[in-house]
Amino acid sequence: MTTRVACLGGSLTRAQLSVDYLDLLERRLSGDLRLARFGVNGDFAHNLLRRLDAVVADPPDVITVMIGTNDARASLPGHPVERTMKRKHLPERPSAGWFQECLGAVVERLRTETDATAGLLSLPVRGQELDGAAARASRTYDRLIAEVATAGGATCLPLHERQTEELRRADPAPVPYREPTPAAGLGVLLGQAVLRRSLDSISRRRGLVLTTDHIHQNSRGAALVAEVVDTWLPVRST
């Protein structure tokens, strides 16, 4: 029998600017499993909540949710919140409380409208300064994700913890966090298409261990996402 796994999230799940963790996950798996991608660039938890119909209409057996990076980014000083709200059609200003409310509604709908086993990933590490503002914001949202998972009967998957461990082991030179811009994303796409640069080569040129731009994943970062999901998957074939 085929086990269907739906992966929900934002741009890391869409995998236009990131190494594709679904591809890496599929390579790790054996047996009759089928992965489905539900990733949209720039999504907040609110956006994910509004597009759940496609998931619950044909419910899978297992669901992973990796959302919240953009919610956490919006909490940082200097983030272009008004522009982001307009671009993503957000009805209110992003906040930690609203994120928790929307994510809770996502989990509740998955719980009541599907029989799927759900896992919520803690956020990937942003930047390489583990005591910096971006990393602290991620940890704040990680606590909310854990609370939602506990309340909704889902499992919290320790991606942030695993990536933090990897960064501490690598002990890279500090690279100050810079908020990715649409222009920077276009630069990555052009670098791939025109200059034939891989995401990993872009990452190396910038001195980054897990990401290409402090957020989107290189091969090493994406492999950790796949590892955390694979370790948890409740239905695994040998």
Side-chain angles (χ1 to χ4, degrees), residues 6-18 37-57 63-114 118-127 132-149 151-152 154 156 159-160 177-186 188-189 211-217 225:
C7 300
L8 284 54
S11 59
L12 274 63
T13 302
R14 177 82 180 272
Q16 288 180 312
L17 300 172
S18 283
R37 184 192 313 273
F38 295 89
V40 175
N41 292 348
D43 262 10
F44 286 65
H46 166 78
N47 302 114
L48 177 59
L49 176 61
R50 290 179 61 85
R51 59 182 174 87
L52 281 184
D53 284 354
V55 180
V56 301
I63 296 172
T64 67
V65 179
M66 182 165 60
I67 200 74
T69 289
N70 294 309
D71 295 84
R73 287 171 65 188
S75 73
L76 293 175
H79 185 85
V81 176
E82 301 297 331
R83 188 167 69 226
T84 298
M85 290 176 64
K86 183 176 180 180
R87 178 171 57 86
K88 295 302 296 183
H89 307 289
L90 302 180
E92 63 181 83
R93 194 175 184 87
S95 67
W98 190 42
F99 165 75
Q100 188 171 26
E101 176 185 332
C102 291
L103 184 60
V106 167
V107 172
E108 177 64 13
R109 190 167 180 200
L110 295 179
R111 185 184 68 81
T112 58
E113 297 185 38
T114 80
L120 310 185
L121 285 89
S122 58
L123 300 183
V125 173
R126 286 189 298 148
R136 292 197 302 271
S138 290
R139 289 195 292 272
T140 295
Y141 279 71
D142 282 343
R143 289 192 289 271
L144 301 179
I145 292 169
E147 290 175 8
V148 169
C156 189
L159 174 60
H160 188 96
Y177 176 80
R178 294 178 60 186
E179 178 69 12
T181 63
L186 179 60
V188 169
L189 293 175
T211 69
T212 62
D213 57 3
H214 298 281
I215 288 179
H216 298 99
Q217 306 291 290
V225 181

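Scope of the values below: all heavy atoms of this structure, side chains included, with no hydrogens, waters or symmetry mates.
Between F44 atom CZ and H89 atom NE2 the span is 12.5 Å, to the nearest 0.5 Å. Note that OG1 of T69 is 6.5 Å distant from CG of L12, once rounded to the nearest 0.5 Å. With rounding to the nearest 0.5 Å, the separation of OG in S75 from OH in Y141 is 4.5 Å. Once rounded to the nearest 0.5 Å, the distance linking CG of N41 with CZ of R87 reads 9.0 Å. Between atom OG1 of residue T13 and atom CG of residue D43 there is a gap of 10.0 Å, rounded to the nearest 0.5 Å.
Counting heavy atoms of neighbouring residues, nucleotides and ligands inside a 6.0 Å radius, atom CZ of R51 exceeds 12 of them. Around CZ of R178, the count of heavy atoms belonging to other residues, nucleotides or ligands within 6.0 Å does not exceed 12.
Between L121 and T64 there is a side-chain heavy-atom pair separated by less than 4.5 Å. Counting only heavy atoms from C-beta outward, the side chains of R109 and D53 approach each other to under 4.5 Å.
With S18 contributing its side chain and A15 its backbone, the two residues share no donor-acceptor pair below 3.5 Å. Under the 3.5 Å distance criterion, the side-chain polar atoms of Q217 are matched with a main-chain donor or acceptor of I215. Judged by distance alone, with hydrogens and angles left aside, the side-chain atoms of T140 form a donor-acceptor pair with the main-chain N or O of R136 at under 3.5 Å. A side-chain donor-acceptor contact under 3.5 Å links S122 to the backbone of L159.
H160 and S138 are not linked by any side-chain donor-acceptor pair at a separation below 3.5 angstrom, with hydrogens and angles left out of the test. No side-chain N or O of R50 forms a donor-acceptor pair with one of N47 less than 3.5 Å apart.
T211 and V125 get closest at one heavy-atom pair: CG2-O, 4.3 Å.
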